[in-house]
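So you know, we letter chains A, B, ... as the sequences are listed, proteins then strands, and number each from 1.
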Amino acid sequence: MTRKTFTEKVLHVVKNIPRGKTLTYKEVANRAGSPNASRAVGSILKQNYNPAIPCHRVIRSDGETGEYNRGRIEKIRKLKAEGAI
DNA sequence: TAGTTGACCGGAA
DNA sequence: ATTCCGGCCAACT
């Protein structure tokens, strides 16, 4: 069984996030199989530069947008453009 | 191989 | 309400 690594699972989950919807790092980690790996999710998305992965739809549990490769402002702007805010 | 870092979370002061 | 602390996991050096 070639199980997918945590990283692959996270990328898959984020890739499946529909437009106008936002998931928290904790939710993504939970779907990836590790509910406590919320921090690892951020580290992974940070390294993953893939336009097919809408990492800007992943926000913090506090309701804040969190950070983004291209800037937090761009992240917020994209979320607003999608109606997530 | 081991140690440090960080796009986090939750609880305590 | 805001600020501080420890814990958790993967990637980096």
Side-chain angles (χ1 to χ4, degrees):
Chain A
M1 279 283 296
T2 57
R3 278 185 304 169
K4 300 176 92 174
T5 59
F6 182 73
T7 308
E8 294 295 320
K9 292 180 190 174
V10 170
L11 297 177
H12 179 72
V13 172
V14 177
K15 203 189 313 180
N16 280 192
I17 299 176
R19 182 180 178 282
K21 178 71 180 274
T22 55
L23 279 176
T24 65
Y25 291 97
K26 192 129 193 218
E27 284 292 299
V28 175
N30 191 9
R31 285 173 178 244
S34 296
N36 303 21
S38 55
R39 221 171 190 190
V41 173
S43 298
I44 294 163
L45 296 178
K46 174 179 162 183
Q47 293 161 11
N48 184 78
Y49 282 80
N50 192 325
I53 301 183
C55 36
H56 62 266
R57 294 192 186 146
V58 185
I59 62 173
R60 304 206 329 185
S61 303
D62 301 274
E64 295 297 311
T65 56
E67 298 210 355
Y68 190 50
N69 299 4
R70 305 183 62 197
R72 301 172 279 221
I73 301 167
E74 288 295 311
K75 182 170 181 176
I76 297 170
R77 183 183 295 186
K78 284 168 183 271
L79 291 173
K80 289 172 90 172
E82 294 182 350
I85 301 179

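When DNA chain C is scanned 5' to 3' for any atom under 4.0 Å from a heavy atom of chain A, the first and last hits are dG7(C) to dC12(C).
A straight line from CG of Asn48(A) to C1' of dA7(B) spans 12 Å, rounded to a whole angstrom. If you take CZ of Arg60(A) and P of dA7(B), they are 11 Å apart, rounded to a whole angstrom. In this structure, the CD1 atom of Ile44(A) is 12 Å from the C1' atom of dC8(B), given to the nearest Å.
Ser43(A) has no side-chain polar atom (N or O) that falls below the 4.0 Å cut-off from OP1 or OP2 of dG6(B).
Shortest non-hydrogen contact noted between Ala37(A) and Ala29(A) is C-CB, 3.7 Å. Contact record, Ile59(A) with Thr22(A): CD1-OG1, 4.0 Å, taken as the closest heavy-atom pair. Across Lys15(A) and Pro54(A), no two heavy atoms sit closer than the pair CA-CD, 3.9 Å. For Glu8(A) against Lys4(A), the heavy-atom pair with the smallest separation is CB-CB, 4.0 Å.
Asn69(A) comes within contact range of at least one nucleobase, with a heavy-atom separation under 4.0 Å. When heavy atoms are screened at a 4.0 angstrom cut-off, Thr7(A) is found touching the sugar-phosphate backbone but no base atom.
Of the residues in residues 16-38 of chain A, Asn36(A), Ala37(A) come within less than 4.0 Å of DNA chain C through at least one heavy atom, sorted by number.
Along DNA chain C, the nucleotide nearest Arg39(A) and the nucleotide nearest Gln47(A) are compared for position; the residue whose nucleotide lies closer to the 5' end is Arg39(A).
Side chain of Lys21(A) to main chain of Arg57(A): no donor-acceptor pair is present (N/O by atom type, distance under 3.5 Å, no hydrogens or angles). Under the 3.5 Å distance criterion, the side-chain polar atoms of Lys9(A) are left unmatched by any main-chain donor or acceptor of Gly33(A).
In this structure, Ile73(A) and Tyr68(A) have side chains that are not in contact, with every pair of non-hydrogen atoms separated by 4.5 Å or more. Looking at heavy atoms from C-beta onward, Leu23(A) lies in side-chain contact with Arg31(A) at the 4.5 angstrom threshold.
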